[in-house]
Protein chains: 2
Amino acid sequence: MASTNTKQANAVKTLQTIQTEVQGSNRIALSVDCVIFGFDENKLKVLLIRSDLKEYLGKWSLLGDLVGGNEDIHDAAYRILKERTGLDDVYLEQVHTFGTVDRHPAGRVVTVAYCSLINVQHHKLKILDNELHWHDVKSISELAFDHQEIFETCYRWLQKRIQEHPLGFNLLPKKFSLRDLQNLYEAILDTKMDRRNFRKKFFAMDFLIDLDEMEQDVPHRPGKLYKFNFEKYARRKKKWVGIDF
Amino acid sequence: MASTNTKQANAVKTLQTIQTEVQGSNRIALSVDCVIFGFDENKLKVLLIRSDLKEYLGKWSLLGDLVGGNEDIHDAAYRILKERTGLDDVYLEQVHTFGTVDRHPAGRVVTVAYCSLINVQHHKLKILDNELHWHDVKSISELAFDHQEIFETCYRWLQKRIQEHPLGFNLLPKKFSLRDLQNLYEAILDTKMDRRNFRKKFFAMDFLIDLDEMEQDVPHRPGKLYKFNFEKYARRKKKWVGIDF
DNA sequence: AAAATAATGTGTTTATTTTACACATTAAAA
DNA sequence: TTTTAATGTGTAAAATAAACACATTATTTT
């Protein structure tokens with residue numbers, strides 16, 4: 001609870017003083033953990049790796065690594081993604097920082113959780129590591145460290161976020177049908193929606209571009225393909241006040 | 001961009017190996033910065049302190065401190081609040097972590113930003129530090145370090161958050177009038193609202209308890225006083241899906 | 001004491017958004 | 001050719017949000 005270095009709270013400090021503190025004994029290992037979501041076979045997946053630690057053998061864990069002393073935390077997250085998935089043009093967003101004292105058996109490690117959404121099809125071409133596995137989010141349990149908590153925080157974040165921002169399209173191929181899109185939302189939110197109202201809603205938003213193409217090789221009547229108009233979305237006038245607890 | 005310690009990505013590591021890394025050279029100073037909001041004279045305020053650093057003399061900065069090597073980051077945030085405001089039963093929530101390499105002149109310091117909402121009346125009794133000042137959020141500029149960016153991130157967070165959660169009541173006295181509440185929302189969201197619709201909305205939510213008391217010492221017809229029913233709010237059934245970009 | 005003032009407190013109408021719901025169409029499969 | 005299982009579309013009802021005006025009350029002013 002107590003830190004050693006600021007009981008005389010308001011004395012004016014010199015850069016010298018601060019430097020001493022910053023280089024002092026209470027420096028902490030900082031890591032980044034990535035919760036990498038994918039969407040495959042109409043199920044929401046998360047990419048896990050068998051724990052690095054022999055002590056956690058058999059447990060799955062998030063993809064993480066220490067942040068370099070000279071490395072931006074955001075860069076660290078991208079580095080991990082690149083190393084693990086081979087992808088470098090991915091959606092990535094910081095979610096939360098976990099800083100309890102005993103969360104890591106090796107010592108004090110504070111970790112910053114990032115969420116990433118990737119296109120599994122795209123990724124499959126590059127995956128090469130059989131310690132990695134796409135897990136169905138519905139059957140996640142008993143992760144190593146506090147990764148269960150981190151995962152749950154990120155999953156809740158995704159559920160909320162996807163309702164307010166067009167993140168989900170990062171999980172789909174560039175061209176998708178409205179059924180694909182609805183399956184995605186239903187999988188992430190774990191609910192069923194009315195097909196007609198769902199379509200009406202997205203058409204009304206007017207961010208979908210009709211590609212005048214049809215699905216190929218589907219075992220039923222093919223649906224039309226669309227892509228998301230990110231440019232138009234960026235230019236939207238954002239709606240504002242609406243109190244709703 | 002590169003860290004030294006995980007190029008052989010998938011080798012199984014022992015606790016020993018990890019410990020070496022965790023105690024290694026890339027440990028980082030971690031700090032917490034608190035964006036403390038208050039509401040006074042119908043204006044949203046933020047509590048700032050003259051920079052600790054002589055080098056930043058004249059600049060205002062957020063209230064922060066290094067996190068102790070054995071201190072939970074959340075505890076660190078509470079500690080700072082307690083030290084600076086004398087208050088310990090405050091609303092506090094983590095917002096974002098800022099981790100660019102050069103954000104602090106004294107060396108590598110990654111900082112976790114927390115937002116706090118406090119009751120200024122309550123706080124005034126305990127304030128004792130004339131290096132501290134409540135600034136109107138509308139006239140914030142040129143803060144020390146990257147605190148301008150941190151502040152703006154937290155302010156946007158508050159604007160969004162207050163529309164979805166009953167945070168705002170932490171800024172008001174326990175007993176408040178509906179006019180107080182509307183003034184609060186108008187100040188935070190920087191907008192005007194229709195009084196009748198505002199009241200209708202909050203009454204419909206049914207989380208306000210009518211105290212059967214009136215305002216005292218106001219230079220006009222006194223309004224009724226209410227308090228927020230946090231217990232009932234906690235038991236609400238939360239509404240769910242509603243896609244709206 | 002009366003009149004003027006400046007706020008509180010309330011209700012209705014309209015527009016918008018959301019929900020519920022059913023049938024025709026198309027391509028693949030049988 | 002028939003069957004099947006999906007796509008594609010429209011409308012009515014309900015709920016929510018927005019626009020809007022007047023009576024009431026306590027204070028202040030005259």
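None of these values were measured; they are calculated from a predicted model. Proteins get letters first, then strands, A, B, ... in listed order; numbering begins at 1 in each.
- The side chain of B/Arg179 contributes an N or O atom lying less than 4.0 Å from OP1 or OP2 of C/dT8.
- Here the P atom of nucleotide C/dT10 and the CZ atom of B/Arg196 are 13 Å apart, to the nearest Å.
- The residue among A/Pro219 and A/Phe203 whose nearest nucleotide of DNA chain D lies closer to the 5′ end is A/Pro219.
- We find that NZ of A/Lys192 is positioned 19 Å from C1' of C/dT19, with the value rounded to whole Å.
- In this structure, the CG atom of B/Leu208 is 15 Å from the C1' atom of C/dG9, given to the nearest Å.
- For B/Arg199 and C/dA7, the CZ to P distance is 14 Å, given to the nearest whole Å.
- Across all strands shown, D/dT30 forms a Watson-Crick or G-U wobble pair, both distances under 3.5 Å, with C/dA1.
- B/Ser51 and B/Ser61 form no side-chain donor-acceptor contact under 3.5 Å, judged by distance and modelled atom types alone.
- One can place CG of A/Asp244 at 10 Å from C1' of D/dT16, the figure rounded to the nearest angstrom.
- When each of A/His220 and B/Asp194 is assigned the nucleotide of DNA chain C with its nearest heavy atom, B/Asp194 is the one assigned upstream, toward the 5' end.
- With A/Phe176 as the partner, the ring-ring contact (aromatic ring centres under 6.0 Å, His included) test is satisfied by one option alone out of A/Tyr185, A/Tyr226, A/Phe169: A/Phe169.
- Computed from coordinates, the B/Asp180 CG to C/dA7 P distance equals 14 Å when rounded to whole Å.
- Residue A/Gln182 contributes atom CD, which lies 13 Å from atom C1' of D/dG8 at whole-angstrom precision.
- Nucleic acid contact for A/Lys200: base, since at least one base atom lies under 4.0 Å from a heavy atom of the residue.
- When each of D/dA17, C/dT18, C/dA20 is scored by its nearest atom to the side-chain atoms of A/Lys201, the top-ranked nucleotide is C/dT18.
- When the nucleotides C/dT25, C/dG11, C/dT8 are ranked by their closest atom to the side chain of A/Arg221, C/dT25 comes out on top.
- The two residues A/Gln148 and A/Leu143 make their nearest non-hydrogen contact at OE1-N, 3.4 Å.
- As rounded to whole Å, 12 Å separates atom P of C/dA7 from atom CG of B/Asn42.
- Residue B/Arg195 is classed as a base contact, given a heavy-atom separation below 4.0 Å to a base.
- A side-chain donor from one of B/Glu93 and B/Tyr91 sits under 3.5 Å from a side-chain acceptor of the other.
- Rounding to the nearest 0.5 Å gives a distance of 12.5 Å between SG of B/Cys154 and CZ of B/Arg161.
- Of the candidate nucleotides D/dA21, D/dT7, D/dA19, D/dA19 has the atom lying nearest to any side-chain atom of B/Asn197.
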